[in-house]
Amino acid sequence: MSAQFSGKRFTSVVCVGAGNIGAGWAAHFMRAGLDVVVYDPVAERKEWLDGYLERAMPALERLGLSPHAGLGRVRFTANLEDALGGAKFIQESSPEVLSQKKDLFQQMTDIAPLDAIIASSSAGFLAKDLRALAKGPERIIIGHPFNPPYLIPLVEIAGGEEASTAATTAAGFYRSTGCEVVELKREIEGYIGNRIQAAVLKEIFYIYSQGVADVDTIDRAIATGPALRWAVMGPSSVFYLGTQNPDMYEGFVKGLIDEIKGGFVADGEFNPDEPLIAAYAREVQEKIGSNGQTPLLDLRTTGVIALRKALQFVAEKRELGPN
Ligand SMILES: NC(=O)c1ccc[n+]([C@@H]2O[C@H](COP(=O)([O-])OP(=O)(O)OC[C@H]3O[C@@H](n4cnc5c(N)ncnc54)[C@H](O)[C@@H]3O)[C@@H](O)[C@H]2O)c1
């Protein structure tokens, strides 16, 4: 078995919901060599799922298939009892409607074995709300992917204190299938990635509303600029490399915040106060900058050059040209 799939804790998984995300999860888990049962109450989704998996196969092969992977490992059923009978790990990806998800979690927890972990792909709900009608609420967590789950490795896990054991087991399981996992210390709607994407979308609308640039220009301003650095190390690390004097980082952050207060974001926004800025700057210095800037500068250089080379064909395709 290849290293990227080592340490597996479950050999099978149930995907509940066969839309874009459920099918994407099925492709991901199948690539990792698991037996995958896909449940959807709409029997016609089987045909669509089969087509999705076939279309995804070339990408899965390029990503690297487990020796145990194959389309024959995926089984579709429109019967919830059949799907959940012996389930150990359930990945729920039904429509983002809270009342429907609550009912579904009640049904699932009535049927599934009590030790089965149930992770929701929800894009924003809290696990505590999904648990409202459920049996064994401590096994319900959020396991939020990014579309398509077989291609984008991140899963955000959130469940609150009540589900910390399930969250730890789920983190190990997702990692064993090749996912990158981040665990939230406490629950918040939208988690991390979608909240930040929402802030970006808001700013895009503002820039667009002001007639500053076309949508494709705004896209290029991100894709060929900040996104290259974010892909390598994330925004706080990038900001940390913005100062020549990392020992005085708090002052540098205050300057950034003052620029924002100066009008980059519309009025009425959350404004960090001085104690918060100080705590943030200290944590960046201690966690991100613990070995100074040099290793991060090296990482940025190596990572961005690798990305620029890898993305050259994208630039050509988009006719960005050499400039
Ligand atoms: N689309 C995205 O980019 C994205 C990204 C991350 C997370 N999510 C989340 O993933 C979940 C699914 O989103 P999607 O885009 O795949 O939706 P979708 O509409 O493409 O698919 C939903 C599927 O659920 C099925 N379904 C309906 N009722 C069901 C039930 N009671 N039990 C099981 N399945 C049922 C539908 O038949 C359909 O096949 C949502 O919670 C969404 O917020 C979506």
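These figures come from a predicted structure and were not determined experimentally. Order of listing sets the numbers, starting from 1, for every ligand and every atom in it.
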Worksheet item: Side chain, backbone, both or neither: which part of Pro41 has a heavy atom under 4.0 Å from ligand 1?
Response: side chain
Practice prompt. For atom 7 (C) of ligand 1, grab the closest protein heavy atom and report residue, atom and distance to one decimal in Å.
Written response: Ser121 O, 3.1 Å
Discussion item. Under 4.0 Å between a side-chain nitrogen and a carboxylate oxygen: does that hold for Asp129 and Lys102?
Written reply: no
Discussion item. Assess, by modelled atom type and distance only, whether the side chains of Asn194 and Gln197 contain a donor and an acceptor separated by less than 3.5 Å.
Written reply: yes
Worksheet, complete the sentence: for atom 42 (C) of ligand 1, nearest protein heavy atom and its distance come out as Glu96 OE1, 3.8 Å
Discussion item. Can you report which non-hydrogen protein atom sits closest to atom 5 (C) of ligand 1, along with the distance?
Written reply: Ile21 CD1, 3.6 Å
Worksheet entry | Option nearest atom 40 (C) of ligand 1 (shortest heavy-atom distance, choices Cys15, Gly143, Ser94) | Ser94
Worksheet item: Looking only at heavy atoms, what is the nearest atom pair of Ala170 and Ile117, with distance?
Response: N-CD1, 4.4 Å
Discussion item. For Phe10 and Phe89, take the angle between the two ring planes, folded into 0 to 90°, and tell me which bin it lands in: parallel under 30, tilted 30 to 60, perpendicular over 60.
Written reply: tilted
Worksheet item: Quick one: which ligand 1 atoms are inside 4.0 Å of a heavy atom on His144?
Response: 6 (C), 7 (C)
Worksheet item: Can Arg131 and Glu162 be counted as an ion pair, charged N to O under 4.0 angstrom?
Response: yes
Worksheet, complete the sentence: In this structure, atom 37 (O) of ligand 1 is nearest to the protein heavy atom Asp40 OD1, 2.8 Å
Worksheet entry | Any side-chain donor near an acceptor of the partner, His144 and Ser121, under 3.5 Å | no
Item to complete: May I ask you to identify, for Tyr39, whether its side chain, its backbone, both or neither come under 4.0 Å of ligand 1 on a heavy-atom basis?
Response: side chain
Worksheet entry | Sequence neighbours excluded, every pair satisfying salt bridge (Lys or Arg N to Asp or Glu O under 4.0 Å) that has a member inside residues 81-99 | Arg75-Asp82, Glu92-Lys101, Glu96-Lys101
Item to complete: Report the residues that fulfil ring-ring contact (aromatic ring centres under 6.0 Å, His included) with Tyr52, sequence neighbours left out, ordered by chain and then residue number.
Response: Trp48
Worksheet item: Looking at ligand 1, does Lys101 have a heavy atom less than 4.0 Å from it?
Response: yes
Discussion item. I need the atoms of ligand 1 closer than 4.0 Å to a non-hydrogen atom of Val42, numbered in the order shown.
Written reply: 37 (O)
Discussion item. Going by a strict under-4.0 Å cutoff (protein heavy atoms only), does atom 26 (N) of ligand 1 have a neighbour on the protein?
Written reply: yes
Fill in: atom 16 (O) of ligand 1 touched by protein heavy atom at under 4.0 Å
yes
Discussion item. Check this for me: Phe239, atom CZ, are more than 12 non-hydrogen atoms of other residues, nucleotides or ligands nearer than 6.0 Å?
Written reply: no
Worksheet entry | Pairing of Lys46 and Asp50 as salt bridge, 4.0 angstrom limit | yes
Worksheet, complete the sentence: Within 4.0 Å of some non-hydrogen atom of Leu104, the atoms of ligand 1 are 32 (N)
Fill in: Protein contact of atom 19 (O) of ligand 1 - nearest heavy atom, named by residue and atom, plus distance
Pro95 CG, 4.9 Å
Practice prompt. Heavy-atom contacts with Ala18 under 4.0 Å: which atoms of ligand 1 show up? List them by number with element.
Written response: 39 (O)
Worksheet item: Can you list the atoms of ligand 1 that are under 4.0 Å from a heavy atom of Asn20?
Response: 16 (O), 20 (O)
Item to complete: Enumerate the atoms of ligand 1 whose separation from the nearest heavy atom of Pro145 is less than 4.0 angstrom.
Response: 6 (C)
Discussion item. Starting from atom 3 (O) of ligand 1, what is the nearest protein heavy atom, named by residue and atom, and what distance separates them?
Written reply: Asn147 CB, 3.4 Å
Fill in: Sub-4.5 Å side-chain heavy-atom contact between Gln244 and Met248
no
Worksheet item: If you measure from atom 23 (C) of ligand 1 to every heavy atom of Ser120, Ser122, Gly19, which option wins on shortest distance?
Response: Gly19
Item to complete: Evaluate whether atom CD of Glu161 has more than 12 neighbouring non-hydrogen atoms of other residues, nucleotides or ligands under 6.0 angstrom away.
Response: no
Response to the item:
Per-atom filter on ligand 1: closer than 4.0 angstrom to a heavy atom of Val16 are 33 (C)
